[in-house]
Structure formats: structure tokens, C-alpha cells
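Positions are given from 1 along the sequence.
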Amino acid sequence: MGLLSTKDSDSDNDLATNFYFPTSKNALIIFTRNPELGKCKTRLAKTIGNEAALEIYKFLLEHTAEISKTVKADRYVFYSENIKKEDVWNSDVFRKKLQYGYDLGARMENAFSELFQLSYEKIIIIGSDLLDLTTEHIHDAFQLLNTNDFVVGPAKDGGYYLLGMKSVHSEIFKNKDWGSSTVLENTLNDIQNSSFRLLEELNDIDTFKDIKPYKEFNKFYQTK
């Protein structure tokens with residue numbers, strides 16, 4: 001996730017301070033990076049180029065928006081740098097916020113804390129780069145929170161694609177080497193004395209190896 005800035009004149013970062021009255025006991029947080037050339041999917045771009053990597057990321061954003069729009073929860077998109085009025089995240093469906101914090105852990109903790117202060121009872125966070133993620137995964141996670149303190153969706157790269165909880169637990173977001181293969185293991189160590197459930201393992205899209213099994217991505221690049 002990128003650091004915050006306000007350089008984009010097409011953004012409306014004033015939306016970040018909007019107060020949203022909860023219409024559900026559940027909230028879904030979607031963390032997204034602003035889709036800018038050369039600034040997203042950089043590991044993938046090393047193989048297929050910046051333009052193709054950007055198009056793949058936009059495709060993943062559209063997928064995430066599509067599977068999230070029917071989730072039975074208040075849906076929040078947290079942008080990495082700038083809030084966009086008009087984009088794939090329809091303002092009639094998604095509430096828009098900015099990430100803030102010195103690293104990914106701090107930004108996630110701040111997002112959870114902000115929404116729990118609105119009296120939500122269950123909050124789940126997901127990323128925006130999993131083609132295998134479905135609406136059912138998210139619905140199942142909310143159901144599992146009825147009888148568990150945490151729910152975690154493991155990613156094949158050693159991280160996680162989904163994290164849900166019923167109150168903020170700061171230790172989960174600290175002392176992690178974000179982006180490494182140790183994040184999931186260390187997170188599970190943090191919650192070992194609490195009740196939790198794991199979802200099925202899914203494939204996070206970060207490198208060329210990750211996209212090769214999917215024919216949906218073939219149109220964005222040509223194999224050399």
C-alpha cells in the first residue's frame with residue numbers, strides 16, 4: 001500500500017472525513033491501491049511491463065468491486081493515496097475513506113479502529129488482488145465470527161487475504177514483516193489463545209507465476 005498524498009486534482013479527499021451512520025452490524029473494509037502506472041503490481045511489472053500490470057490490477061479491482069457489492073454489510077473502500085469520486089467503486093454502494101499510518105499494519109489497525117468506533121459488531125478486511133475471492137468467502141467469514149473471535153483467509157504466499165474480528169487487537173498489526181511469507185504464521189501466533197477459524201487458502205496475485213494459471217489474464221500480455 002502506498003503512502004498518502006494529495007497530489008491528484010481529480011480526487012475528493014474531503015470524503016475521508018465524512019461521517020457514515022451504520023446501516024448494518026457488519027462492516028467490510030476493502031484496502032486498495034490507487035491504480036497508477038508504475039505504482040501498482042510492481043513485482044508483476046518486472047516481467048510483463050507497467051502497462052500490462054496496471055491493466056491486470058484494474059481487472060482485479062473490477063472483480064473485487066463486483067463480488068463485494070452484494071455483501072450484507074456496510075462496505076468501505078480505503079484508498080492508498082487519493083479518494084476518487086468516479087471510479088469502479090460506485091459511491092452508491094461503497095463508502096470511501098483514506099488509509100493512514102506508517103506501514104500496512106498501522107493502516108489496517110487505524111481502519112478497524114475507526115469503524116469499531118461507529119459501533120459495528122463484526123468487521124472484515126480484504127485486499128483487492130485475488131481473482132479467486134468470492135462473495136461466499138466473505139459471507140462465510142461473517143458467519144464464522146458469530147462463534148469465533150477471529151477469522152483468517154490464508155494466502156498461498158504466506159500472508160492472508162482476509163482478516164475478521166469483533167474488536168481491535170493491536171498486537172495483530174505490529175512486529176510483522178509485511179509482504180513476507182511469515183505474516184500468516186506470526187498472526188496465528190498472536191491469536192493462538194483466542195478462538196479462530198481459517199478459510200480456504202487462495203492465491204494472491206503478485207508475480208507472473210501467480211497469473212499463469214488464469215486464462216482471464218492472457219489478454220493483458222503476450223508470452224515471449
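- A distance-only check finds no donor-acceptor pair linking the side chain of Asn34 to the backbone of Glu36 [under 3.5 Å].
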Could you walk me through whether Met165 and Ile123 pass side-chain contact (heavy atoms from CB on, under 4.5 Å), step by step?
-> CA-CA 6 Å; Met165 63 187 74; Ile123 300 178; 5.6 Å; no
Verify side-chain contact (heavy atoms from CB on, under 4.5 Å) between Leu60 and Leu131, making sure each step is shown before the conclusion.
-> CA-CA 6 Å; Leu60 290 168; Leu131 193 60; 4.1 Å; yes
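- Minimum heavy-atom separation, Asp204 to Ala155: CB-CB, 4.3 Å.
- Applying the ring-ring contact (aromatic ring centres under 6.0 Å, His included) test to pairs two or more places apart or on separate chains, those with a residue in residues 124-170 are Phe150-His169.
- A donor-acceptor pair is defined here as one N or O able to donate and one able to accept, closer than 3.5 Å; such a pair exists between the side chain of Thr135 and the backbone of Ile67.
- Qualifying side-chain contact (heavy atoms from CB on, under 4.5 Å) partners for Ala111, counting only residues two or more places apart in sequence or in other chains: Ile29, Phe31, Phe78.
- Listed here is the closest heavy atom pair of Ala45 and Asn50: CB-OD1, 3.3 Å.
- Transitive grouping of hydrophobic side chains (ILVMFWY, heavy atoms separated by less than 4.5 Å) brings Val152 and Ile125 into a common cluster.
- To the nearest 0.5 Å, atoms CG (Leu115) and CD1 (Ile124) are separated by 12.5 Å.
- In the hydrophobic clustering of ILVMFWY residues, with side-chain heavy atoms under 4.5 Å counting as a link, Tyr221 and Leu54 come out apart.
- No more than 12 heavy atoms of other residues, nucleotides or ligands shown are found within 6.0 angstrom of CD on Glu86.
- Separation of atoms CD1 (Ile30) and OG (Ser128) is listed at 8.0 Å; rounding is to 0.5 Å.
- Counting only residues at least two apart or in different chains, ring-ring contact (aromatic ring centres under 6.0 Å, His included) contacts with residues 33-55 are absent.
- Nearest heavy atom pair, residue Tyr20 against residue Leu118, reads O-CD1, 3.7 Å.
- When all heavy atoms of Asn110 and Gly101 are compared, the pair lying nearest together is ND2-CA, 3.9 Å.
- In terms of heavy atoms, Phe116 sits closest to Glu121 at CE2-O, 4.1 Å.
- Pairs passing the side chain to side chain donor-acceptor pair (under 3.5 Å) check and including a residue from residues 147-158, sequence neighbours excluded, read Asp149-Ser195.
- Evaluation of the ring-ring contact (aromatic ring centres under 6.0 Å, His included) test over residues 45-73, restricted to residues two or more places apart or in two chains, returns Phe59-Phe217, Phe59-Phe220.
- Separation of atoms NZ (Lys212) and CG (Asn203) is listed at 13.0 Å; rounding is to 0.5 Å.
- Heavy-atom contacts from other residues, nucleotides or ligands closer than 6.0 Å to CG of Asn175 number 12 or fewer.
- Taking the salt bridge (Lys or Arg N to Asp or Glu O under 4.0 Å) definition, one finds that Asp74 meets it with Arg95, sequence neighbours left out.
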Using the side-chain contact (heavy atoms from CB on, under 4.5 Å) rule, take Lys96 and Asp87 through it: C-alpha gap first, then chi angles, then the decisive distance, then the call.
-> CA-CA 11 Å; Lys96 302 188 175 188; Asp87 61 2; 3.0 Å; yes
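- Expressed to the nearest 0.5 Å, how far CD of Gln143 lies from NZ of Lys122 amounts to 6.0 Å.
- Using a 4.5 Å cut-off on side-chain heavy atoms (C-beta onward), Leu199 and Leu144 make contact.
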Determine, stepwise, if the pair Val93 / Arg75 fulfils side-chain contact (heavy atoms from CB on, under 4.5 Å).
-> CA-CA 7 Å; Val93 178; Arg75 297 163 291 267; 3.4 Å; yes
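- Remark: the Thr207 side chain and the Asp210 side chain contain an N/O donor-acceptor pair separated by less than 3.5 Å.
- When atom types are taken as modelled, the side chain of Lys166 and the backbone of Leu145 share a donor-acceptor pair closer than 3.5 angstrom.
- In this structure, the separation between CG on Leu44 and CD1 on Ile56 is 5.0 Å, given to the nearest 0.5 Å.
- Side-chain atoms of Tyr79 and Lys84 form no donor-acceptor pair, as typed in the model, at a separation below 3.5 Å.
- The two residues Glu171 and Lys176 have their closest heavy-atom pair at O-NZ, 3.3 Å.
- The residues Glu109 and Lys174 are annotated as salt-bridged, a charged nitrogen and a carboxylate oxygen being separated by less than 4.0 angstrom.
- Ile172 contributes atom CD1, which lies 11.5 Å from atom CG of Asn189 (distance to the nearest 0.5 angstrom).
- At least one side-chain heavy atom of Ile126 sits under 4.5 Å from a side-chain heavy atom of Ser68.
- Salt-bridge check for Asp129 with Lys41: passed, with a basic side-chain N closer than 4.0 Å to an acidic carboxylate O.
- Both Phe21 and Tyr76 are part of a single hydrophobic cluster, where members link through side-chain heavy atoms under 4.5 Å apart.
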